[in-house]
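In what follows, a single structure is set out as structure tokens and then discussed.
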Amino acid sequence: MAVIAKQEDDSKQDGLILTADGMSLKKSLARSLRMQKLRALMLILPLLAFILITFIAPITDMLFRSVENQIVRETLPRTLNELQYWDLSQKKAPGETVFHALYDDLEIAIERKVHTRLGTRLNYEQTGFSSLFRRTGRNLDAIGKIWQKQFEEFDPFWKKGENWANLLMTSDWINNAKEWEKTSDHLQPPFVLKPELVNLLPKTTEAYSAFARYVQLEENEALYKKDPWPGIYIKLYQDLISEPDLSALSGMGADELRSTAQMVSTFETISFKDGFLEIDKDWGEIDIWRTIQVYASSYTSGYFLNAIDMQNGPDGPELRPENERIYIILFMRTLYMSLIITFFCIILGYPVAWLLVNIPTRKSNLLMILVLLPFWTSLLVRTSAWKVMLQQQGVINDILVWLGLVDDAARLVMINNQLGTIIAMTHILLPFMILPMYSVMQTIPPSYLRAAKSLGATNWTAFWRVYFPQTIPGIGAGSILVFILSIGYYITPAIVGGTSGVFISDRIAYHISSSLNWGLGAALGTILLGVVILLYFAYDKAVGIDNVKLGG
Amino acid sequence: MNMITAKNSGETPFVEFERVQKSYDGESLVVKDLNLSMPRGEFLTMLGPSGSGKTTCLMMLAGFETATYGDIRLGGQSINNIPPHKRNIGMVFQNYALFPHMTVAENLSFPLELRKIPKSEREEKVRLTLNMVQMDSFGGRRPAQLSGGQQQRIALARALVFEPELVLMDEPLGALDKQLREHMQFEIKSIADSLGITVVYVTHDQTEALTMSDRVAVFNDGHIQQLASPDTLYEEPENSFVAQFIGENNTLEGIVQEIHGDTCLVELDGGELIDAKPVNIKTTGERTRVSIRPERVEYNKERLSNDAHLLQATVMEFIYMGDIFRTRLSVAGNQDFIIKTRNAPDQVRLEPGTEIEIGWLAQDCRALDAPNGTI
Ligand SMILES: Nc1ncnc2c1ncn2[C@@H]1O[C@H](COP(=O)(O)OP(=O)(O)O)[C@@H](O)[C@H]1O
Ligand SMILES: [Mg+2]
């Protein structure tokens, strides 16, 4: 007895209760709960993965794209680095160092053919960039060629890529590279510069490294045969003009290098700035440089400003000129037309839902089928049907003319405008209003109405004071559903909306599939998402989201 | 059925059903020829099995259903064409039908608002009524925040707050547990009495009907089977349905042999002879079902008259129930013959298997109509 009592005592010491196998109760409970959770998680894993892949990931991607702006920094790193010292207030285009850096950046960008993409990107912010970058891309070589020609005329040695390789690379690497070319079934041996040359010709070796990396990694061609880009001649000129001590140099090309070094001072040069201005005088415009500077950062508010008809002006964000504003109007139109559609859905849906609940089962089943019928027909068919119904030579106009209500010459315009959108969308979204209303009304026992009447309420008072308030959760649920579906709707407004009846979704689709300005499309989409979330919270505050009932 | 035993006869009856019929589908009658009249201030209960048409009667009175035929009068005036909201009848529903989106106080002031009673007066009435049902402090709550019993009280208060003269209650206690139900029965009854209102109360629970009502109308098959005070109903059921439905009851079947005034001799199917009181039988040779309450069966011969007919019985089961003993016997082929005896110190506890003789006073054994289709 005493022993048992002692054991019990032990198991409770320090306030810890132990299980049969001596583990603390807390720990063992936590473990069993963890197992349960794990098992539950395993069950929903496929769904979770599906949602993550098809829902969360695209939305995150969209959110990211709407602010993402790495292309400028990735394409023009050296230019942006120099541009930070540029003083905008002097109202002058930047100086030579910036243009020099721009040349270096563009040379590799053009090789990679990304300069047009950058042009397209910046063209969203300011028209003209696209052609500027394309023209520059075609003519940039002309600048480097000035140096290249002089090198090659002085000594044909500089013409051949092989000579460059022999001069700059270790002989081991050259051998390896030749070996590789015979088989070329494995990766090209990474280039190895002669260490002494890295010190003597720092700019040349740096530029050549960039060139080498590009050739080896991106083009995957034999580096040692490749003729260098014109820009490397410029770097060599710059290295040689500062008179490095080449006396100790030996090996292939050392003599040619030394003799050329003697001569470079006689070479003819031009300033990069002049070169660029010659290609396109827009490079002298302050606006061009300001835009580049504004969009230098990896993340930008530009797409969002654009999506609300604003832009980054010299003094921060500003409204776009009157004639360029379209998005605010479209957003407003989307919102107010969605409100109208929601309103009509309530007006039309409420009596139908009421009938569904209150007529005998057999009739209500038939009515329910009629309500659900639209779900079983293609959206496109339904929308096109409205086109047939509403157009000026359409069914409704024909009937009105036949009845003599409308003159043949003055047929009603009911399509390709806002009216068409409202009619078609109300019809298409009506089931989404009726079903939640129906399910809420179904849960209201008829005894409430009877109770109200027995207390002295007329039919109307009983409805308005007792029945209607209890259906508000259904109206709320239906309204949220219809409104949210409506502001994101694309096909129907696009088909029956004409130009005055399209929604913001039309612009999003345009930017995603036609103009390929995905950033702007994403920003518009993000704003739409934000509006929905905002409205959701406003609704929650006003009515309470727990009051929304989609079903019993 | 001319059971117009109004309390204060002479006055016109307050509620009257005259030859009322009701059919929902045009094929069958749910209420068949209903005649009923109630004096002011009476507490009348409609009792009957489910589906017997009680709710239908109540709904016709409230105005939610129209009588297919016949006349319903309130205070001498036909109300067939008065819409429900003008009838000024208070009503308590089985599921209470408290408006979920209003507070308790709002629920109560709703009928007062509709009657355009000024705000201060309204508040006073709501307060008094809540006080009457002992729910003073619950005015600000929503119905969903109340327990079933509390909701019941509020439903009652709402039906009373606008001071109707007639209050209808359709199985108002059906959803409560037994203890609460008994408590509320008492409370409803005493409130109704103190206010002097007329109540039509619907229930399928016979104890409830017996304990609360001035009179009980037993419904079956669209007819009022018997309309009488609880004691009459219990002690003098007029037909076998009522006898069966109210209270516990032993039945034996046989053929009437002789009738002498208020006693008769019945020969049971097994040949045994018993004494009974003719209630529903007219001639000798008629089939009858005799009904006797378990507590009126006697096995102590000293308490019976010498010439009483006795029956052989075998004790099947003895059940100790605290205040009483309940003994199941096998009598004349009936295996479910129950007798109840008081748990007194000298009371014998009958052991199963014991053979005894039982008998009763002729007036306790009522010879009633034989139900149709007896085996
Ligand atoms: N609204 C209705 N439509 C058709 N039949 C009904 C309706 N209400 C009740 N009934 C039928 O009438 C009969 C009596 O119902 P009811 O008055 O509710 O009985 P109780 O209240 O006594 O249980 C039942 O058979 C029921 O099926
Ligand atoms: Mg009922």
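Predicted model only: the values in this text are computed from it and were never measured. Here is how names work: the chains are called A, B, and so on, in the same order as the sequence lines, proteins then strands, and each is numbered from 1.
No more than 12 heavy atoms of other residues, nucleotides or ligands sit less than 6.0 Å from atom CZ of Phe343(A). The 12-atom threshold is exceeded at OH of Tyr336(A), counting heavy atoms of other residues, nucleotides or ligands nearer than 6.0 Å. At most 12 heavy atoms of other shown residues, nucleotides or ligands fall within 6.0 angstrom of atom CD in Gln77(B). Within 6.0 Å of CZ on Phe50(A) lie no more than 12 heavy atoms contributed by other residues, nucleotides or ligands. Dense packing is recorded around CZ of Phe375(A), with more than 12 heavy atoms of other residues, nucleotides or ligands lying under 6.0 Å away.
By number of non-hydrogen pairs under 4.5 angstrom with chain B, the leading residue of Ala457(A), Pro445(A), Pro469(A) is Ala457(A). Ranked by heavy-atom pairs shorter than 4.5 Å toward chain A, the options Pro84(B), Pro111(B), Gly90(B), Pro83(B) are led by Pro111(B).
The side chain to side chain donor-acceptor pair (under 3.5 Å) check on Thr203(B) picks up Glu208(B), with sequence neighbours excluded.
For chain A, the nearby part of Glu113(B) is the side chain; its heavy atoms alone come within less than 4.5 Å. For a residue to count as touching a neighbouring chain, one of its non-hydrogen atoms must lie under 4.5 Å from one of that chain's; by this rule Phe93(B) touches chain A with the side chain only. Using a 4.5 Å cut-off between heavy atoms, Arg115(B) contacts chain A through its side chain alone, with no backbone atom that close. Within the 4.5 angstrom heavy-atom criterion, no atom of Leu112(B) approaches chain A. Both the backbone and the side chain of Ala452(A) come within contact range of chain B, with heavy atoms under 4.5 Å apart.
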Listing, residues 61-71 of chain B side-chain donor-acceptor contacts under 3.5 Å, not counting sequence neighbours, or none:
{"unit_1": "Thr68(B)", "atom_1": "OG1", "unit_2": "Ser23(B)", "atom_2": "N", "d": "2.8"}
{"unit_1": "Asp71(B)", "atom_1": "OD1", "unit_2": "Ser78(B)", "atom_2": "OG", "d": "2.9"}
{"unit_1": "Asp71(B)", "atom_1": "OD2", "unit_2": "Arg73(B)", "atom_2": "NH1", "d": "2.9"}

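In terms of modelled atom types and a separation under 3.5 Å, the side chain of His85(B) and the main chain of Ala462(A) share no donor-acceptor contact.
For the pair Arg465(A) and Met102(B), the minimum side-chain heavy-atom distance is below 4.5 Å. Looking at Ser454(A) and Ile89(B), their side chains never come closer than 4.5 Å, going by heavy atoms from C-beta outward. Between Pro100(B) and Gln470(A), the closest side-chain pair of non-hydrogen atoms falls below 4.5 Å. Phe110(B) has its side chain within reach of Val466(A): a pair of non-hydrogen atoms, C-beta onward, lies under 4.5 Å apart.
In this structure, Lys453(A) NZ and Leu114(B) CG are separated by 13.0 Å, a value rounded to the nearest 0.5 Å. Atoms NE2 and OH, from His101(B) and Tyr448(A) in turn, are 9.5 Å apart once rounded to the nearest 0.5 Å.
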